[in-house]
Each structure stands twice: as C-alpha cells, then as structure tokens.
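Each remark here refers to the structure printed beneath this line.
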There are 2 protein chains.
Amino acid sequence: MYTIGAMSKATGVKVPTIRYYEEIGLLDEPGRNAGNQRRFDQAGMDALGFIKHARDLGFSLDDIRALMGLDGQLGDDCVEADQIARSQLENVRERIAKLEQLARELERISHLCDGGNGGCCKVLTALGDHSQCAGDHG
Amino acid sequence: MYTIGAMSKATGVKVPTIRYYEEIGLLDEPGRNAGNQRRFDQAGMDALGFIKHARDLGFSLDDIRALMGLDGQLGDDCVEADQIARSQLENVRERIAKLEQLARELERISHLCDGGNGGCCKVLTALGDHSQCAGDHG
DNA sequence: TGTAGTTGCTCTAGCCACTAGAGCTTCAAG
DNA sequence: CTTGAAGCTCTAGTGGCTAGAGCAACTACA
C-alpha cells in the first residue's frame, strides 16, 4: 500500500496531479484508510507509471485514456494501440519540422544584430515584416 | 480604416483573438464608429501583423509585450530585443532536441508492432515500462 | 502520552492563449 | 425596407495542470 506522497516520489508525478488524474477518471479511485487518506495498490502504481511515461512521450490524456482502455484486451486492439503510437510519432515529426523552420528564421533574425550595439538592429523590423522570411512558417 | 473582420482577413488572426489581444492590453484600443464598432488604423494593422508573426515564431504574449515595449526606442534596447530573440532560439533548439529523443523512442515502440496482428504487440508494455527506454526522455 | 512537524484532505481560483456560444445590434446590398 | 452578414458584449469552457487557504491525520521523538 502506497500513500499519495510515495506514489509521487516513485513516479515523479506531483501530488496534486495524481489527485487530478483521479478526478478526471484516468486513475481508478484508490481505497482510503481510517483517516480518509488514499492508499494505492500496485495496480495504481503501475497505472500511474504508464501515464507518466506516455505523458513524457507527448501523448494527450485522451490518447492515454484510449490506450488504457485497450489494456487487457491485447489482440485486435493491438492495431489500435499501434495506430495511436504511430499517429503520435507523425505528430512529433511534424512538430520537429515546424520548429526547425522556426529555428532557421530566428537564426536569420538574430544574425541581423550580430554586433549588438551600433544602432544596426533589425530584430524588431524583421519580426514585423513577414515578407522578409525565407520559408512559410506558421 | 479597417473593420475587425478586415484585420482578421489581412493578418490571419481570428476575430475573437483580436478582441482578446485588445482586452489584455497587447493591442491599443481602436476608435469606434457611431455604431460602437471598432475601426483600426494602419498602426493597429501593423501591430497585429507584428504579433501574428512573433506568435508564429513561438514567442509568448509576454515576450511580445516586451518586444513591443521596446519599439520606438531602438538603440540600447536593441540588445534586449536581440536577447529575447536569441533566448527564443535557444528554447526552440531545446524543444527540437527533446522531440527528436521522443521520436526515436516512439519509433522503437512502433517497430515492436510491425506486423500489426498476431498477438505480438508490445506497444502497451513498452509504454508501461520506462526501463526499456534507450535515452532519458521527459 | 504529548507535541511538533510533515503529510494528507477538500475546495476554490488561476495559469496561457485562446475558442464557443448566446443573444443582441449595426451595417451594406439589393 | 428588408435580409443576411458582420459586429457587439458577456459568460463559460478548453487542456493540463498549479497555487493557496484552512483544516485533519499521521509519524517521530521526548
């Protein structure tokens, strides 16, 4: 049996966040002790670990809900779980591509001010004038 | 003189978002016509274009507020504007690095299910077990 | 057994950057 | 003069938490 604090320490998920996950039905309500404090079992710990890992991988809580709903019925649903993971991968790759475009743009803008002083600064101008951009970010 | 709809069309910022920017003091309150409708001038249009471009580049509204506050006093403040831009670039690069780590992890997980069928699926297991991960994402 | 300090509880409100909807008024075209 | 689009204000909701108030319960030590 784990206290909420022990769960937090073990998984790295903050205490109010654990309560939040319970509130939105992502974590099953744990039992309580005589003093009304939560006492989690191993299943709760595993579930929270799963959620944490999936969150770190960028899955939304809705994705995670779907993934957890599939659990225990690994079979046909394998396909569904795999699809969620692949769509997340797609998503991440798109975000990387977009951010790389932005990085190039920001580099260009920063180079306009390489000296720093001297009244040469075009940073604000560059930000105000999209037509100077190389690619079509955003 | 531009209506809010014309501003929206010209910049790609949605009408309620323009009102929101005004509400939080990012955009100056425009004049109104006899019927209490907003009428923006060129300065308002330029400001909105600036905000849009900066938002697309990933700047927070607070960053933008700071950048706009510098406007008109390009000189020493050039340094400050440049710093904001560079720190944003740093930020973007960090996000890219993190996402690339995640993409690798998701690729690994997806490969576990390459066939799709056959009861071989380890996607959920992999998500539940961080110790299988190569790097330390998250 | 007492007490101090930590951890737990519930509840409300706030964060960012919008977005949606209700219910109304004003404008522009025909 | 009517119709339909566009405008107005206001409230509430989104995701994923985070912060704080004000209290109760647990734990370690004297």
Side-chain angles (χ1 to χ4, degrees), chain A residues 1-27 29-41 44-45 47-48 50-68 84 88 91 95 98 102 138, chain B residues 1-27 29-41 44-45 47-48 50-68 84 88 91 95 98 102 138:
Chain A
M1 288 298 182
Y2 307 100
T3 65
I4 197 168
M7 294 274 286
S8 174
K9 233 177 232 170
T11 60
V13 179
K14 289 182 188 165
V15 167
T17 305
I18 297 174
R19 287 197 276 250
Y20 170 73
Y21 288 161
E22 181 191 326
E23 188 190 323
I24 63 169
L26 200 60
L27 269 182
E29 291 187 24
R32 302 282 180 132
N33 72 351
N36 197 35
Q37 300 194 345
R38 290 168 181 80
R39 290 295 180 265
F40 293 87
D41 57 14
M45 179 70 90
L48 186 57
F50 181 95
I51 295 168
K52 175 61 159 64
H53 194 191
R55 284 296 293 141
D56 284 346
L57 289 170
F59 291 89
S60 73
L61 295 185
D62 261 6
D63 282 339
I64 294 172
R65 211 188 294 271
L67 287 165
M68 292 181 82
I84 294 172
Q88 178 58 19
N91 188 341
R95 276 153 71 197
K98 206 167 171 193
L102 296 189
Chain B
M1 287 300 181
Y2 307 100
T3 64
I4 197 167
M7 294 275 284
S8 174
K9 233 178 232 171
T11 60
V13 179
K14 289 183 187 164
V15 167
T17 304
I18 298 173
R19 287 197 276 250
Y20 170 74
Y21 288 160
E22 180 191 329
E23 189 191 321
I24 62 169
L26 201 58
L27 270 182
E29 290 187 24
R32 302 279 181 135
N33 73 351
N36 196 35
Q37 300 194 344
R38 289 168 182 80
R39 290 294 179 266
F40 293 87
D41 57 13
M45 178 70 91
L48 186 56
F50 181 94
I51 295 169
K52 176 62 159 65
H53 194 190
R55 283 296 293 142
D56 285 346
L57 290 170
F59 290 87
S60 72
L61 295 185
D62 260 6
D63 281 340
I64 294 171
R65 210 188 295 271
L67 286 165
M68 293 181 82
I84 293 172
Q88 179 60 21
N91 188 340
R95 277 154 70 197
K98 208 169 168 188
L102 296 188

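These numbers come from a predicted model, not from an experiment. In what follows, every chain begins at residue 1, and chains take the letters A, B, ... in the order their sequences are listed. All values below were derived from every heavy atom in this structure, side-chain atoms included, with hydrogens, water molecules and symmetry-related copies excluded.
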When rounded to whole Å, the CZ to P distance for the pair F40(A) and dT7(C) reads 16 Å

When rounded to whole Å, the CD1 to P distance for the pair I24(B) and dT19(C) reads 13 Å

Side-chain donor-acceptor pairs of residues 7-19 of chain A under 3.5 Å, sequence neighbours excluded:
{"unit_1": "S8(A)", "atom_1": "OG", "unit_2": "V13(A)", "atom_2": "O", "d": "2.7"}
{"unit_1": "T11(A)", "atom_1": "OG1", "unit_2": "M7(A)", "atom_2": "O", "d": "2.8"}
{"unit_1": "T11(A)", "atom_1": "OG1", "unit_2": "V13(A)", "atom_2": "N", "d": "3.2"}

Sorted by chain and residue number, the side-chain hydrogen bond (donor to acceptor under 3.5 Å, both in side chains) partners of E22(B) (sequence neighbours excluded) come out as R38(B)

Applying side-chain hydrogen bond (donor to acceptor under 3.5 Å, both in side chains) to Y20(A) and not counting sequence neighbours gives none

Hits for side chain to side chain contact (heavy atoms under 4.5 Å, CB included) against N36(A), two or more places apart or cross-chain, chain-then-number order -> R32(A)

With sequence neighbours left out, the residues meeting side-chain hydrogen bond (donor to acceptor under 3.5 Å, both in side chains) with Y2(B) are Q42(B)

Expected string for nucleotides 6-28 of chain D under the B/S/- scheme (protein heavy atoms, under 4.0 Å, primed atoms plus P, OP1, OP2 as sugar-phosphate) is -SSB------BBS------SS--

Whole-Å distance, D56(B) CG to dA17(C) P, equals 14 Å

